[in-house]
Number of protein chains: 2
Amino acid sequence: MDAPITVAVSTVIFALRPHPTTRRPALWIPLVRRIREPHRGRWALPGGPLAAEEGLAASAARNLRETTRLTPQYLEQLYAFGGPDRAPETAERIVSVVYWAMVRPEEADAGAAGVNVQWFVADELPELAFDHSLIVEYALWRLRNKVEYSRIAAAFLGETFTLAELRRVHEAVLQRTLDPANFRRQMEASGRLVATDAFRTGGRHRPARLYRHDRSIHLADNGPLTGQ
Amino acid sequence: MDAPITVAVSTVIFALRPHPTTRRPALWIPLVRRIREPHRGRWALPGGPLAAEEGLAASAARNLRETTRLTPQYLEQLYAFGGPDRAPETAERIVSVVYWAMVRPEEADAGAAGVNVQWFVADELPELAFDHSLIVEYALWRLRNKVEYSRIAAAFLGETFTLAELRRVHEAVLQRTLDPANFRRQMEASGRLVATDAFRTGGRHRPARLYRHDRSIHLADNGPLTGQ
DNA sequence: AAAATAGTGTCTGTGAGACAATATCAG
DNA sequence: CTGATATTGTCTCACAGACACTATTTT
(Lines give C-alpha, C1' and ligand atoms only; values in the text may rest on other atoms or scores of the structure.)
Protein backbone atom coordinates (compact mmCIF):
# COMPACT_ATOMS: atom_id res chain seq x y z
CA MET A 1 0.00 0.00 0.00
CA ASP A 2 2.88 2.41 -0.60
CA ALA A 3 1.70 5.82 -1.67
CA PRO A 4 3.21 6.30 -5.11
CA ILE A 5 6.14 8.72 -5.25
CA THR A 6 6.50 10.64 -8.49
CA VAL A 7 9.80 12.01 -9.71
CA ALA A 8 9.60 15.37 -11.47
CA VAL A 9 12.31 17.57 -12.96
CA SER A 10 12.08 21.37 -12.92
CA THR A 11 14.49 24.00 -14.15
CA VAL A 12 15.40 27.54 -13.18
CA ILE A 13 16.36 29.20 -16.46
CA PHE A 14 18.42 32.38 -16.45
CA ALA A 15 18.94 34.83 -19.27
CA LEU A 16 20.38 38.32 -19.37
CA ARG A 17 18.19 41.08 -20.80
CA PRO A 18 17.89 44.80 -20.14
CA HIS A 19 15.93 45.75 -17.07
CA PRO A 20 12.61 47.36 -18.12
CA THR A 21 13.26 50.60 -16.24
CA THR A 22 17.01 50.97 -15.83
CA ARG A 23 17.85 49.35 -19.21
CA ARG A 24 20.89 47.85 -17.56
CA PRO A 25 21.45 44.11 -18.04
CA ALA A 26 19.50 42.08 -15.50
CA LEU A 27 18.69 38.44 -14.83
CA TRP A 28 15.40 37.16 -16.20
CA ILE A 29 13.58 33.89 -15.58
CA PRO A 30 10.77 32.30 -17.59
CA LEU A 31 7.83 30.99 -15.60
CA VAL A 32 4.78 28.96 -16.52
CA ARG A 33 1.28 29.80 -15.37
CA ARG A 34 -0.44 26.89 -13.68
CA ILE A 35 -3.68 25.94 -15.36
CA ARG A 36 -4.73 23.38 -12.76
CA GLU A 37 -5.20 23.19 -9.02
CA PRO A 38 -3.41 23.42 -6.73
CA HIS A 39 -2.07 26.96 -7.12
CA ARG A 40 -4.04 27.50 -10.30
CA GLY A 41 -3.16 30.84 -11.88
CA ARG A 42 0.10 31.14 -10.04
CA TRP A 43 3.45 31.18 -11.74
CA ALA A 44 5.71 28.16 -11.42
CA LEU A 45 9.00 26.79 -12.68
CA PRO A 46 8.84 24.88 -15.95
CA GLY A 47 9.02 21.18 -15.38
CA GLY A 48 7.29 17.87 -15.58
CA PRO A 49 7.46 14.22 -14.69
CA LEU A 50 10.59 12.27 -15.45
CA ALA A 51 10.10 10.08 -18.49
CA ALA A 52 10.84 6.39 -18.18
CA GLU A 53 13.95 6.20 -20.33
CA GLU A 54 15.24 9.70 -19.79
CA GLY A 55 18.19 10.92 -17.74
CA LEU A 56 17.64 13.68 -15.22
CA ALA A 57 19.66 16.30 -17.12
CA ALA A 58 18.07 15.24 -20.40
CA SER A 59 14.67 15.73 -18.88
CA ALA A 60 15.62 19.22 -17.73
CA ALA A 61 16.95 20.10 -21.18
CA ARG A 62 13.80 18.78 -22.80
CA ASN A 63 11.36 20.70 -20.65
CA LEU A 64 13.53 23.79 -21.09
CA ARG A 65 13.29 23.35 -24.84
CA GLU A 66 9.57 22.71 -24.74
CA THR A 67 8.69 25.75 -22.66
CA THR A 68 11.14 28.25 -24.11
CA ARG A 69 12.30 26.71 -27.42
CA LEU A 70 15.84 27.34 -26.19
CA THR A 71 18.93 25.20 -25.80
CA PRO A 72 20.88 25.80 -22.61
CA GLN A 73 24.50 26.92 -22.73
CA TYR A 74 24.92 25.57 -19.25
CA LEU A 75 22.89 23.14 -17.20
CA GLU A 76 23.60 21.98 -13.68
CA GLN A 77 21.70 20.14 -11.02
CA LEU A 78 20.63 22.43 -8.20
CA TYR A 79 19.01 20.27 -5.55
CA ALA A 80 16.44 17.57 -4.95
CA PHE A 81 13.37 18.67 -3.06
CA GLY A 82 11.28 15.91 -1.60
CA GLY A 83 9.65 16.78 1.69
CA PRO A 84 6.30 15.04 2.20
CA ASP A 85 4.74 18.45 2.92
CA ARG A 86 5.70 20.22 -0.29
CA ALA A 87 2.16 20.24 -1.66
CA PRO A 88 -0.10 19.94 1.37
CA GLU A 89 -3.13 20.55 -0.80
CA THR A 90 -2.71 17.27 -2.64
CA ALA A 91 -2.31 13.65 -1.72
CA GLU A 92 0.43 13.27 -4.31
CA ARG A 93 4.02 12.85 -3.17
CA ILE A 94 6.46 14.46 -5.60
CA VAL A 95 10.24 14.45 -5.44
CA SER A 96 11.52 17.26 -7.64
CA VAL A 97 15.03 17.21 -8.97
CA VAL A 98 15.70 20.82 -9.87
CA TYR A 99 18.25 22.03 -12.41
CA TRP A 100 19.39 25.52 -13.26
CA ALA A 101 20.36 26.67 -16.69
CA MET A 102 21.70 29.64 -18.57
CA VAL A 103 20.74 30.71 -22.07
CA ARG A 104 22.00 33.44 -24.37
CA PRO A 105 20.18 36.74 -24.78
CA GLU A 106 19.68 36.48 -28.55
CA GLU A 107 18.01 33.15 -27.99
CA ALA A 108 15.99 34.43 -25.10
CA ASP A 109 14.59 37.28 -27.19
CA ALA A 110 13.76 35.12 -30.16
CA GLY A 111 11.33 32.42 -29.17
CA ALA A 112 9.07 34.12 -26.68
CA ALA A 113 7.61 30.62 -26.52
CA GLY A 114 4.05 29.60 -25.91
CA VAL A 115 1.24 31.33 -24.12
CA ASN A 116 1.26 30.75 -20.38
CA VAL A 117 5.01 31.32 -20.44
CA GLN A 118 6.31 34.71 -19.38
CA TRP A 119 9.71 36.16 -18.52
CA PHE A 120 10.25 37.97 -15.22
CA VAL A 121 13.10 39.92 -13.71
CA ALA A 122 14.64 37.43 -11.30
CA ASP A 123 14.72 39.82 -8.37
CA GLU A 124 11.17 41.04 -8.82
CA LEU A 125 9.17 37.83 -8.93
CA PRO A 126 5.62 37.42 -7.68
CA GLU A 127 4.89 34.78 -5.08
CA LEU A 128 5.36 31.46 -6.87
CA ALA A 129 3.50 28.18 -6.59
CA PHE A 130 4.60 25.49 -4.10
CA ASP A 131 8.13 26.04 -2.79
CA HIS A 132 9.33 27.51 -6.06
CA SER A 133 10.16 30.93 -4.56
CA LEU A 134 12.65 29.28 -2.26
CA ILE A 135 14.08 27.29 -5.13
CA VAL A 136 14.65 30.37 -7.28
CA GLU A 137 16.29 32.13 -4.35
CA TYR A 138 18.65 29.21 -3.94
CA ALA A 139 19.43 29.11 -7.66
CA LEU A 140 20.26 32.82 -7.58
CA TRP A 141 22.55 32.24 -4.65
CA ARG A 142 24.36 29.46 -6.51
CA LEU A 143 24.70 31.52 -9.68
CA ARG A 144 26.09 34.50 -7.75
CA ASN A 145 28.59 32.30 -5.99
CA LYS A 146 29.69 30.47 -9.06
CA VAL A 147 30.21 33.50 -11.24
CA GLU A 148 33.01 34.54 -8.92
CA TYR A 149 35.18 31.49 -9.29
CA SER A 150 34.32 29.94 -12.66
CA ARG A 151 34.03 31.08 -16.22
CA ILE A 152 30.32 30.44 -16.09
CA ALA A 153 29.46 33.97 -17.18
CA ALA A 154 30.49 32.87 -20.65
CA ALA A 155 27.17 31.04 -20.93
CA PHE A 156 25.45 34.43 -21.22
CA LEU A 157 27.71 35.64 -24.02
CA GLY A 158 28.51 34.71 -27.57
CA GLU A 159 31.70 33.25 -28.94
CA THR A 160 33.71 36.44 -28.58
CA PHE A 161 33.17 39.42 -26.34
CA THR A 162 34.92 42.45 -24.97
CA LEU A 163 36.03 42.72 -21.38
CA ALA A 164 33.43 45.41 -20.87
CA GLU A 165 30.71 43.03 -22.01
CA LEU A 166 31.96 40.32 -19.71
CA ARG A 167 32.18 42.80 -16.89
CA ARG A 168 28.59 43.87 -17.42
CA VAL A 169 27.51 40.24 -17.08
CA HIS A 170 29.28 40.00 -13.77
CA GLU A 171 27.81 43.29 -12.65
CA ALA A 172 24.30 42.19 -13.53
CA VAL A 173 24.68 38.91 -11.67
CA LEU A 174 26.38 40.40 -8.62
CA GLN A 175 24.26 43.55 -8.64
CA ARG A 176 27.18 45.90 -8.09
CA THR A 177 29.61 47.81 -10.23
CA LEU A 178 33.12 46.50 -10.74
CA ASP A 179 36.28 48.46 -11.38
CA PRO A 180 37.17 48.02 -15.07
CA ALA A 181 40.91 48.02 -14.43
CA ASN A 182 40.81 45.47 -11.64
CA PHE A 183 38.28 43.31 -13.45
CA ARG A 184 40.55 43.21 -16.48
CA ARG A 185 43.51 42.10 -14.42
CA GLN A 186 41.55 39.39 -12.64
CA MET A 187 40.25 37.96 -15.88
CA GLU A 188 43.66 38.07 -17.51
CA ALA A 189 45.26 36.44 -14.47
CA SER A 190 42.63 33.69 -14.38
CA GLY A 191 44.07 32.17 -17.52
CA ARG A 192 40.57 31.42 -18.76
CA LEU A 193 40.58 34.12 -21.46
CA VAL A 194 42.22 34.04 -24.84
CA ALA A 195 42.81 37.33 -26.62
CA THR A 196 41.86 37.41 -30.29
CA ASP A 197 43.26 39.91 -32.76
CA ALA A 198 39.83 41.31 -33.52
CA PHE A 199 38.33 44.47 -32.06
CA ARG A 200 34.85 45.75 -31.46
CA THR A 201 34.58 49.13 -33.20
CA GLY A 202 31.73 51.54 -33.62
CA GLY A 203 31.47 53.18 -30.20
CA ARG A 204 32.57 56.75 -29.85
CA HIS A 205 35.69 55.63 -28.12
CA ARG A 206 38.73 53.45 -28.49
CA PRO A 207 37.87 49.99 -29.89
CA ALA A 208 37.91 47.13 -27.42
CA ARG A 209 39.77 43.90 -28.00
CA LEU A 210 37.65 40.80 -28.41
CA TYR A 211 38.35 37.78 -26.25
CA ARG A 212 37.11 34.25 -26.24
CA HIS A 213 37.12 31.62 -23.52
CA ASP A 214 39.55 28.77 -23.36
CA ARG A 215 37.36 25.86 -24.39
CA SER A 216 39.70 23.36 -22.78
CA ILE A 217 38.51 24.66 -19.42
CA HIS A 218 35.10 23.61 -18.18
CA LEU A 219 32.51 26.29 -17.56
CA ALA A 220 32.40 25.28 -13.92
CA ASP A 221 34.07 22.73 -11.72
CA ASN A 222 31.67 19.99 -10.72
CA GLY A 223 34.36 17.91 -9.13
CA PRO A 224 34.47 14.27 -10.16
CA LEU A 225 31.07 14.60 -11.82
CA THR A 226 31.77 14.96 -15.45
CA GLY A 227 28.30 15.66 -16.68
CA GLN A 228 25.60 13.52 -15.20
CA MET B 1 2.43 1.73 -19.06
CA ASP B 2 5.06 3.94 -17.42
CA ALA B 3 7.95 1.92 -16.09
CA PRO B 4 7.87 2.58 -12.37
CA ILE B 5 10.61 4.84 -11.04
CA THR B 6 11.72 4.17 -7.51
CA VAL B 7 13.25 6.83 -5.29
CA ALA B 8 16.01 5.63 -3.00
CA VAL B 9 18.15 7.50 -0.50
CA SER B 10 21.78 6.58 0.17
CA THR B 11 24.35 8.14 2.44
CA VAL B 12 28.11 8.52 2.44
CA ILE B 13 29.05 8.48 6.13
CA PHE B 14 32.40 9.85 7.24
CA ALA B 15 34.14 9.32 10.56
CA LEU B 16 37.67 10.02 11.71
CA ARG B 17 39.64 7.10 13.12
CA PRO B 18 43.34 6.21 13.19
CA HIS B 19 44.71 4.74 10.01
CA PRO B 20 45.50 1.03 10.55
CA THR B 21 49.14 1.40 9.59
CA THR B 22 50.14 5.02 10.16
CA ARG B 23 47.90 5.48 13.24
CA ARG B 24 47.29 9.01 12.07
CA PRO B 25 43.67 10.17 11.88
CA ALA B 26 42.08 9.21 8.59
CA LEU B 27 38.65 9.26 7.02
CA TRP B 28 36.61 6.07 7.28
CA ILE B 29 33.38 5.08 5.59
CA PRO B 30 30.95 2.29 6.53
CA LEU B 31 29.75 0.11 3.66
CA VAL B 32 27.14 -2.61 3.40
CA ARG B 33 27.71 -5.90 1.64
CA ARG B 34 25.10 -6.66 -0.96
CA ILE B 35 23.32 -9.91 -0.31
CA ARG B 36 21.34 -9.91 -3.55
CA GLU B 37 21.97 -9.58 -7.23
CA PRO B 38 23.01 -7.48 -8.95
CA HIS B 39 26.50 -6.95 -7.57
CA ARG B 40 25.99 -9.59 -4.90
CA GLY B 41 28.94 -9.70 -2.52
CA ARG B 42 30.12 -6.24 -3.45
CA TRP B 43 30.24 -3.37 -1.01
CA ALA B 44 27.74 -0.56 -1.40
CA LEU B 45 26.59 2.61 0.30
CA PRO B 46 23.97 2.17 2.99
CA GLY B 47 20.55 3.19 1.75
CA GLY B 48 17.09 2.12 0.89
CA PRO B 49 13.83 3.17 -0.69
CA LEU B 50 12.23 6.41 0.39
CA ALA B 51 9.31 5.74 2.73
CA ALA B 52 5.95 7.21 1.87
CA GLU B 53 5.70 9.81 4.62
CA GLU B 54 9.37 10.48 5.11
CA GLY B 55 11.47 13.49 4.11
CA LEU B 56 14.66 12.92 2.13
CA ALA B 57 16.99 13.98 4.94
CA ALA B 58 14.96 12.02 7.47
CA SER B 59 15.32 8.94 5.31
CA ALA B 60 19.08 9.43 5.15
CA ALA B 61 19.28 9.85 8.93
CA ARG B 62 17.18 6.75 9.46
CA ASN B 63 19.19 4.47 7.22
CA LEU B 64 22.35 5.87 8.77
CA ARG B 65 21.00 4.98 12.20
CA GLU B 66 19.87 1.54 11.09
CA THR B 67 23.17 0.54 9.52
CA THR B 68 25.56 2.13 11.99
CA ARG B 69 23.46 2.89 15.09
CA LEU B 70 24.84 6.41 14.88
CA THR B 71 23.32 9.86 14.80
CA PRO B 72 24.95 12.27 12.35
CA GLN B 73 26.51 15.52 13.54
CA TYR B 74 26.12 16.86 10.07
CA LEU B 75 24.00 15.77 7.14
CA GLU B 76 23.84 17.39 3.74
CA GLN B 77 22.45 16.46 0.38
CA LEU B 78 25.16 15.54 -2.09
CA TYR B 79 23.49 14.92 -5.42
CA ALA B 80 20.65 13.09 -7.13
CA PHE B 81 21.73 10.30 -9.45
CA GLY B 82 19.14 9.14 -11.87
CA GLY B 83 20.52 8.05 -15.20
CA PRO B 84 18.51 5.27 -16.85
CA ASP B 85 21.73 3.28 -17.22
CA ARG B 86 22.79 3.20 -13.58
CA ALA B 87 22.00 -0.47 -13.11
CA PRO B 88 22.08 -2.00 -16.59
CA GLU B 89 21.70 -5.46 -15.10
CA THR B 90 18.18 -4.77 -13.91
CA ALA B 91 14.99 -3.51 -15.45
CA GLU B 92 14.37 -1.32 -12.43
CA ARG B 93 14.79 2.42 -12.73
CA ILE B 94 16.09 3.97 -9.52
CA VAL B 95 16.67 7.63 -8.78
CA SER B 96 19.02 7.88 -5.81
CA VAL B 97 19.16 11.00 -3.72
CA VAL B 98 22.51 10.75 -1.98
CA TYR B 99 23.43 12.48 1.28
CA TRP B 100 26.73 12.74 3.04
CA ALA B 101 27.14 12.77 6.79
CA MET B 102 29.74 13.13 9.49
CA VAL B 103 29.76 11.30 12.80
CA ARG B 104 32.01 11.53 15.85
CA PRO B 105 34.80 9.06 16.45
CA GLU B 106 33.58 7.88 19.87
CA GLU B 107 30.30 7.04 18.26
CA ALA B 108 31.95 5.40 15.29
CA ASP B 109 33.97 3.10 17.53
CA ALA B 110 31.06 2.13 19.72
CA GLY B 111 28.35 0.52 17.65
CA ALA B 112 30.25 -1.45 15.07
CA ALA B 113 26.73 -2.18 13.89
CA GLY B 114 25.39 -5.29 12.29
CA VAL B 115 27.03 -7.98 10.27
CA ASN B 116 27.41 -7.10 6.59
CA VAL B 117 28.50 -3.63 7.67
CA GLN B 118 32.18 -2.83 7.65
CA TRP B 119 34.27 0.33 7.93
CA PHE B 120 36.87 1.15 5.28
CA VAL B 121 39.52 3.81 4.93
CA ALA B 122 37.94 6.26 2.49
CA ASP B 123 40.96 6.46 0.22
CA GLU B 124 41.50 2.71 0.05
CA LEU B 125 38.12 1.41 -1.00
CA PRO B 126 37.51 -1.68 -3.10
CA GLU B 127 35.49 -1.37 -6.28
CA LEU B 128 31.96 -0.62 -5.13
CA ALA B 129 28.60 -1.72 -6.50
CA PHE B 130 26.80 0.34 -9.14
CA ASP B 131 28.14 3.91 -9.45
CA HIS B 132 28.94 4.12 -5.77
CA SER B 133 32.68 4.54 -6.29
CA LEU B 134 32.03 7.72 -8.23
CA ILE B 135 29.63 8.90 -5.57
CA VAL B 136 32.15 8.43 -2.77
CA GLU B 137 34.78 10.24 -4.81
CA TYR B 138 32.42 13.17 -5.24
CA ALA B 139 31.55 13.20 -1.53
CA LEU B 140 35.24 13.29 -0.65
CA TRP B 141 35.72 16.18 -3.03
CA ARG B 142 32.86 18.10 -1.41
CA LEU B 143 34.12 17.42 2.09
CA ARG B 144 37.64 18.54 1.21
CA ASN B 145 36.34 21.71 -0.33
CA LYS B 146 33.98 22.54 2.46
CA VAL B 147 36.44 22.02 5.27
CA GLU B 148 38.43 24.95 3.95
CA TYR B 149 35.72 27.56 4.19
CA SER B 150 33.30 26.39 6.85
CA ARG B 151 33.47 25.20 10.42
CA ILE B 152 32.34 21.77 9.29
CA ALA B 153 35.35 20.03 10.85
CA ALA B 154 33.59 20.55 14.17
CA ALA B 155 31.30 17.68 13.29
CA PHE B 156 34.22 15.29 13.83
CA LEU B 157 35.02 16.70 17.28
CA GLY B 158 33.34 16.96 20.67
CA GLU B 159 32.05 20.07 22.39
CA THR B 160 35.49 21.46 23.17
CA PHE B 161 38.82 20.80 21.53
CA THR B 162 42.33 22.14 21.26
CA LEU B 163 43.63 23.84 18.16
CA ALA B 164 45.96 20.89 17.62
CA GLU B 165 42.99 18.53 17.60
CA LEU B 166 41.15 20.73 15.14
CA ARG B 167 44.25 20.98 13.01
CA ARG B 168 44.62 17.22 12.91
CA VAL B 169 41.08 16.95 11.59
CA HIS B 170 41.91 19.36 8.79
CA GLU B 171 45.13 17.50 8.08
CA ALA B 172 43.34 14.17 7.87
CA VAL B 173 40.73 15.55 5.52
CA LEU B 174 43.14 17.48 3.33
CA GLN B 175 45.86 14.81 3.47
CA ARG B 176 48.67 17.26 4.13
CA THR B 177 50.30 18.82 7.14
CA LEU B 178 49.44 22.36 8.13
CA ASP B 179 51.62 24.89 9.87
CA PRO B 180 50.43 25.14 13.51
CA ALA B 181 51.16 28.86 13.73
CA ASN B 182 49.36 29.79 10.55
CA PHE B 183 46.49 27.45 11.28
CA ARG B 184 45.99 29.08 14.65
CA ARG B 185 45.89 32.53 13.14
CA GLN B 186 43.43 31.52 10.43
CA MET B 187 41.07 29.91 12.92
CA GLU B 188 41.27 32.88 15.27
CA ALA B 189 40.71 35.29 12.41
CA SER B 190 37.69 33.33 11.16
CA GLY B 191 35.67 34.39 14.18
CA ARG B 192 34.15 30.93 14.37
CA LEU B 193 36.05 29.87 17.50
CA VAL B 194 35.36 30.82 21.07
CA ALA B 195 38.15 30.41 23.61
CA THR B 196 37.17 28.77 26.88
CA ASP B 197 39.16 29.14 30.08
CA ALA B 198 39.80 25.42 30.31
CA PHE B 199 42.95 23.64 29.21
CA ARG B 200 43.82 20.14 28.07
CA THR B 201 46.59 18.86 30.36
CA GLY B 202 48.33 15.53 30.56
CA GLY B 203 50.70 15.69 27.60
CA ARG B 204 54.39 16.05 28.31
CA HIS B 205 54.21 19.64 27.25
CA ARG B 206 52.50 22.93 27.88
CA PRO B 207 48.72 22.51 28.28
CA ALA B 208 46.61 23.62 25.33
CA ARG B 209 43.66 25.94 25.61
CA LEU B 210 40.28 24.41 24.81
CA TYR B 211 38.04 26.12 22.30
CA ARG B 212 34.48 25.61 21.27
CA HIS B 213 32.64 26.64 18.15
CA ASP B 214 30.30 29.58 17.96
CA ARG B 215 26.92 27.86 17.85
CA SER B 216 25.29 30.90 16.32
CA ILE B 217 27.19 30.12 13.13
CA HIS B 218 25.99 27.26 10.98
CA LEU B 219 28.35 24.37 10.34
CA ALA B 220 28.24 25.15 6.65
CA ASP B 221 26.55 27.68 4.45
CA ASN B 222 23.80 26.09 2.42
CA GLY B 223 22.56 29.39 1.13
CA PRO B 224 18.85 30.00 1.44
CA LEU B 225 18.27 26.35 2.27
CA THR B 226 17.81 26.26 5.98
CA GLY B 227 17.83 22.53 6.45
CA GLN B 228 15.79 20.64 3.92
C1' DA C 1 67.75 19.89 32.27
C1' DA C 2 65.53 17.61 28.19
C1' DA C 3 61.73 16.74 25.30
C1' DA C 4 57.70 18.11 23.42
C1' DT C 5 54.12 20.83 22.10
C1' DA C 6 51.68 25.58 22.86
C1' DG C 7 51.76 29.90 21.33
C1' DT C 8 54.03 34.57 19.39
C1' DG C 9 56.68 37.41 16.16
C1' DT C 10 58.28 38.58 11.73
C1' DC C 11 59.19 38.60 6.93
C1' DT C 12 57.85 37.93 2.13
C1' DG C 13 55.03 37.25 -1.80
C1' DT C 14 50.49 37.52 -3.86
C1' DG C 15 46.36 39.40 -4.91
C1' DA C 16 42.27 42.57 -4.39
C1' DG C 17 40.86 47.15 -4.60
C1' DA C 18 41.22 52.34 -5.04
C1' DC C 19 42.42 55.54 -8.12
C1' DA C 20 45.49 58.25 -11.38
C1' DA C 21 47.15 58.44 -15.96
C1' DT C 22 47.50 57.44 -20.83
C1' DA C 23 45.54 55.64 -25.52
C1' DT C 24 42.48 55.76 -29.31
C1' DC C 25 38.35 55.87 -31.37
C1' DA C 26 33.67 58.74 -33.34
C1' DG C 27 31.96 62.94 -34.33
C1' DC D 1 39.29 69.23 -30.26
C1' DT D 2 35.79 66.81 -27.08
C1' DG D 3 33.63 62.99 -25.03
C1' DA D 4 33.76 58.43 -24.07
C1' DT D 5 35.60 54.15 -23.05
C1' DA D 6 39.90 51.05 -23.40
C1' DT D 7 43.97 50.03 -21.29
C1' DT D 8 48.04 50.64 -18.29
C1' DG D 9 50.39 52.06 -14.01
C1' DT D 10 50.90 52.58 -9.13
C1' DC D 11 49.94 52.44 -4.37
C1' DT D 12 48.02 50.31 -0.23
C1' DC D 13 46.19 46.83 2.55
C1' DA D 14 45.01 42.09 3.94
C1' DC D 15 46.26 37.68 4.15
C1' DA D 16 48.61 33.09 3.34
C1' DG D 17 52.76 30.74 4.09
C1' DA D 18 57.60 29.99 5.76
C1' DC D 19 60.07 29.94 9.64
C1' DA D 20 62.52 31.70 13.90
C1' DC D 21 61.61 32.28 18.55
C1' DT D 22 59.58 32.15 23.35
C1' DA D 23 56.52 29.73 26.99
C1' DT D 24 55.16 26.03 29.87
C1' DT D 25 54.36 21.65 30.96
C1' DT D 26 56.01 16.34 32.11
C1' DT D 27 59.62 13.30 32.98
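Numbered from 1 within each chain, the chains take letters A, B, ... in sequence-line order. As a basis for the values below, the full set of heavy atoms in this structure was taken, side chains included, without hydrogen atoms, waters or symmetry mates.
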(Q) Tell me whether R192(A) contacts the main-chain N or O of D214(A) through its side chain, where contact means a donor paired with an acceptor under 3.5 Å. (A) no

Q) Within this structure, what is the CZ-to-C1' distance between F183(B) and dT5(C), rounded to whole angstrom? A) 15 Å

Q | Heavy-atom check, side chain of L78(A) versus side chain of Y99(A), under 4.5 Å | A | no

Q) Measuring from E137(A):CD to L225(B):CG, what's the distance to the nearest 0.5 Å? A) 9.0 Å

Would you list the atom pairs, donor with acceptor, under 3.5 Å between side chains in residues 173-182 of chain B and any protein atom, with sequence neighbours excluded?
unit_1  : atom_1 : unit_2  : atom_2 : d
Q175(B) : OE1    : R144(B) : NH2    : 3.2
Q175(B) : NE2    : D123(B) : OD2    : 3.0
D179(B) : OD1    : A181(B) : N      : 2.9
D179(B) : OD1    : N182(B) : N      : 2.9
N182(B) : OD1    : R185(B) : NH2    : 3.2

**Q.** Rounded distance in Å - CZ (R209(B)) to C1' (dT5(C))
**A.** 16 Å

**Q.** Between P of dA6(C) and CZ of F161(B), the distance in whole Å
**A.** 14 Å

Q: Please check if the side chain of R104(B) supplies one atom and the backbone of L157(B) the other of a donor-acceptor pair under 3.5 Å.
A: yes

Q | Strand contacts (DNA chain C) in residues 164-175 of chain A, 4.0 angstrom heavy-atom criterion | A | none

Q) What string of B, S and - do you get for nucleotides 17-27 of chain C, 5' to 3', when a contact is any protein heavy atom under 4.0 Å? A) BBB---BBBS-

Q) What are the bounds, 5' to 3', of the part of DNA chain D that sits under 4.0 Å from heavy atoms of chain B? A) dA16(D) to dT26(D)

Q) Rounded to whole angstroms, how far apart are CD on E148(A) and C1' on dA16(C)? A) 12 Å

Q: Check whether any side-chain heavy atom of W100(A) lies under 4.5 Å from a side-chain heavy atom of M102(A), and answer yes or no.
A: yes

Q) Residues two or more places apart in sequence or in another chain: which of them pass ring-ring contact (aromatic ring centres under 6.0 Å, His included) with Y138(B)? A) Y79(B), W141(B)

(Q) What I'd like to find out is whether the side chain of F156(A) reaches to under 4.5 Å of the side chain of L27(A), using heavy atoms alone. (A) yes

Q. Pairs in or reaching into residues 155-166 of chain A: which pass side-chain hydrogen bond (donor to acceptor under 3.5 Å, both in side chains), with residues at least two apart or in two chains?
A. E159(A)-R215(A), E165(A)-R200(A)

Q) Only one of L45(A), D131(A), V98(A) clears side-chain contact (heavy atoms from CB on, under 4.5 Å) with V136(A); which? A) L45(A)

